[in-house]
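Single-structure report; data block below.
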Amino acid sequence: TLMITVSENKDKDVYDVVIDPGHGGMDSGANKNGNKESDYTMKIAMNLKEKMEANGISVKLTRVDGQLTTNEVLEDYGEHGRAVINHEVHAKYLFSIHMNSNAWASVHGLEVYTADNINYDFANNLVKNIVDMTGTSYSTNKINKVSDGVYTRTFKESDIQNSLEEYEKKNMKAYDITTKSNYFYMIRETGGIMTGAYVDDRNAPKILGNPYYNSNVGSEAYLLELAYLTNANDLDNMNNNMDKYTEAIAMTFKSVFDCK
């Protein structure tokens, strides 16, 4: 007979969810008519954090407002790095918040990116809740599309060739990348073995590596492109309904964690 006793976690360094406000500091991300992606991502992340904590979900941000000067960037790897924090705090989920852009102003709508070869129930439920509550639309972008508003991007052959050429120029050993490797590092590196993390310390000290690249424990990571800064309707909807966007995301998590 096996008996398991479950008690409330009292470790202040363990969190349910990590929220990553994309870009920040020197890296403003997309920028259209003075609207900086990094400004939106921080506002959204802080609003979301407040709502989730009100539901009893513990949240860690990869960066806080004012942490970075315009001459700084948040390191991706190493201690407390952007793609490492979720491992350090043993988070179940990671959300990387972004605003999108496109050379064509007509492209618009919500995009949620996932890891490859997963159960898509959570992602489909998330995008439906956001669309229903905010009045936004599923993205018109068809590249890497899995279902309405849900996308999975892996490396293409051209991506792999470009990567190999870059490593050759730097006289560094290239990492093993296939067309099954997850493209976005905030998805790939935060899942360890499960998502095919490959940035490790084989080239140290030339590159700061991911100490959790071979971990069999990782977060279920999602990259949210909530609206296009380059589309007037998307931008207006975000400006007027930001609270509804975060409410929809928080509601989705509330059902997952069965919050009362």
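Ring planes of Phe95 and Phe122: perpendicular class, angle over 60° (limits at 30 and 60°).
By the criterion of side-chain heavy atoms lying less than 4.5 angstrom apart, applied directly or through intervening Ile, Leu, Val, Met, Phe, Trp or Tyr residues, Val18 is not grouped with Met194; the two fall into different hydrophobic clusters. By the criterion of side-chain heavy atoms lying less than 4.5 angstrom apart, applied directly or through intervening Ile, Leu, Val, Met, Phe, Trp or Tyr residues, Val107 is not grouped with Leu224; the two fall into different hydrophobic clusters.
Judged by distance alone, the side chains of Tyr40 and Asn239 do bring a donor and an acceptor atom under 3.5 Å apart. A donor-acceptor pair shorter than 3.5 Å cannot be found between the side chains of Asn241 and Thr134. A side-chain donor-acceptor contact under 3.5 Å links His98 and Ser96. Ser38 and Asp27 share no side-chain donor-acceptor pair at under 3.5 Å. Side-chain polar atoms of Tyr77 and Asn210 form no donor-acceptor pair below 3.5 angstrom.
A ring-centre distance under 6.0 Å is found for Tyr113 and Phe184. Residues Tyr15 and Tyr93 keep their aromatic ring centres 6.0 Å or farther apart.
The shortest side-chain heavy-atom distance between Glu247 and Met133 falls under the 4.5 Å cut-off. You'll find the side chain of Thr246 stays beyond 4.5 Å of the side chain of Met251, heavy atoms only.
Asp236 is linked by a side-chain contact (heavy atoms from CB on, under 4.5 Å) to Asn240, counting only residues two or more places apart in sequence or in another chain. For Asp116, the side-chain contact (heavy atoms from CB on, under 4.5 Å) test picks out Thr152, Thr154, Lys180, Asn182, with sequence neighbours left out.
Counting only residues at least two apart or in different chains, salt bridge (Lys or Arg N to Asp or Glu O under 4.0 Å) contacts with residues 37-60 comprise Lys49-Glu53, Lys51-Asp243.
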